[in-house]
Amino acid sequence: MSEHKLSRTQKFILAIMPASWGRSMEESSRSWMVRCPNCEFERSVWEMGGIRWTAAGEPRWGRLCQKCGQLGGHRVYMRSVS
């Protein structure tokens, strides 16, 4: 599926789901992006080791940025398909 190391949660969920659901879950999670409010570094929920499947809304997640190291309310949003 992907070249990054899967998180324990991703491994567990993929092990118990049908393969087609797993592919759908990964595709959806890769389209949800998390952006730092301080430096605007972003990466997908999937790359962060998370899952965001059949989700809605655009929450803010309080977390430390991997790039700048600052704490902030990271915006979670669906990347537009152009």
Side-chain angles (χ1 to χ4, degrees):
M1 275 189 206
S2 65
E3 58 273 349
H4 91 284
K5 185 176 177 183
L6 298 176
S7 69
R8 287 183 184 180
T9 301
Q10 290 170 331
K11 286 179 187 177
F12 175 75
I13 297 297
L14 290 173
I16 64 171
M17 295 181 112
S20 63
W21 289 12
R23 286 187 299 273
S24 174
M25 178 183 66
E26 180 178 351
E27 182 181 331
S28 177
S29 297
R30 285 185 180 280
S31 66
W32 283 98
M33 304 302 290
V34 181
R35 178 181 292 163
C36 175
N38 302 304
C39 71
E40 299 196 6
F41 174 72
E42 67 179 22
R43 60 187 177 149
S44 74
V45 169
W46 187 260
E47 292 170 333
M48 295 174 65
I51 297 169
R52 190 159 171 85
W53 187 41
T54 68
E58 294 190 352
R60 297 221 176 237
W61 291 350
R63 59 186 316 110
L64 289 173
C65 177
Q66 175 186 348
K67 185 175 179 184
C68 71
Q70 294 187 43
L71 180 63
H74 287 60
R75 178 177 170 231
V76 180
Y77 68 96
M78 175 71 81
R79 178 177 43 215
S80 61
V81 179
S82 305

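Here the structure is a predicted model, which means the values were calculated and not measured. Position 1 is the first residue of the sequence; numbering continues from there.
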Peer 1: Go through the steps to decide whether F41 and R35 satisfy the test side-chain contact (heavy atoms from CB on, under 4.5 Å), and finish with yes or no.
Peer 2: CA-CA 6 Å; F41 174 72; R35 178 181 292 163; over 6 Å; no
Peer 1: Starting from M48 and following side-chain heavy-atom contacts under 4.5 Å between hydrophobic residues (I, L, V, M, F, W, Y), which residues can be reached?
Peer 2: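 M48 shares its hydrophobic cluster with W32, V34, V45, W61, V76, M78.
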Peer 1: If only atom types and distance count, is the side chain of Q10 paired as donor or acceptor with the main-chain N or O of W46 below 3.5 Å?
Peer 2: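 Yes, Q10 side chain to W46 backbone: donor-acceptor pair under 3.5 Å.
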Peer 1: How many angstroms lie between CZ in R43 and CZ in R30, if you round to the nearest 0.5 Å?
Peer 2: 12.0 Å
Peer 1: Would you call E27 and R23 a salt bridge, taking side-chain N to carboxylate O under 4.0 Å as the test?
Peer 2: no
Peer 1: Are the side chain of R52 and the backbone N or O of S31 linked by a donor-acceptor pair below 3.5 Å?
Peer 2: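 Such a contact is absent between R52 side chain and S31 backbone.
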Peer 1: When rounded to the nearest 0.5 angstrom, what is the spacing between CZ in R75 and CZ in R60?
Peer 2: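 Those atoms lie 7.0 Å apart.
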Peer 1: Could you tell me the separation between the CD atom of E40 and the NZ atom of K67, rounded to the nearest 0.5 Å?
Peer 2: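 That separation rounds to 10.0 Å.
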Peer 1: Starting at CH2 of W21, measure out to CG of L14 and round the result to the nearest 0.5 Å.
Peer 2: 13.0 Å
Peer 1: I'd like to know if the side chain of S7 and the backbone of G49 have a donor-acceptor N/O pair within less than 3.5 Å.
Peer 2: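 Answer holds: yes.
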Peer 1: Can I51 be reached from M33 by stepping across I, L, V, M, F, W or Y side chains whose heavy atoms are under 4.5 Å apart?
Peer 2: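 Per the 4.5 Å side-chain linkage, M33 and I51 are not co-clustered.
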Peer 1: Can you tell me if Q70 uses its side chain to pair, donor with acceptor, with the backbone of N38 under 3.5 Å?
Peer 2: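 Answer holds: no.
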Peer 1: How would you list, by chain and number, every residue that makes a salt bridge (charged side-chain N to carboxylate O under 4.0 Å, His left out) with R63, sequence neighbours excluded?
Peer 2: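 R63 satisfies salt bridge (charged side-chain N to carboxylate O under 4.0 Å, His left out) with no other residue.
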Peer 1: Any idea which heavy atoms bring C36 and C39 closest together, and the distance?
Peer 2: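 Smallest heavy-atom distance, with atoms named: SG-N, 3.5 Å.
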Peer 1: With a 3.5 Å distance limit and no angle check, can you tell me whether S29 reaches the backbone of M25 through a side-chain donor-acceptor pair?
Peer 2: yes
Peer 1: Determine whether M17 and F12 make a side-chain contact, defined as any pair of heavy atoms from C-beta on separated by less than 4.5 Å.
Peer 2: no
Peer 1: Is there a side-chain contact (heavy atoms from CB on, under 4.5 Å) between E42 and Y77? Walk through the geometry before answering.
Peer 2: CA-CA 10 Å; E42 67 179 22; Y77 68 96; 2.4 Å; yes
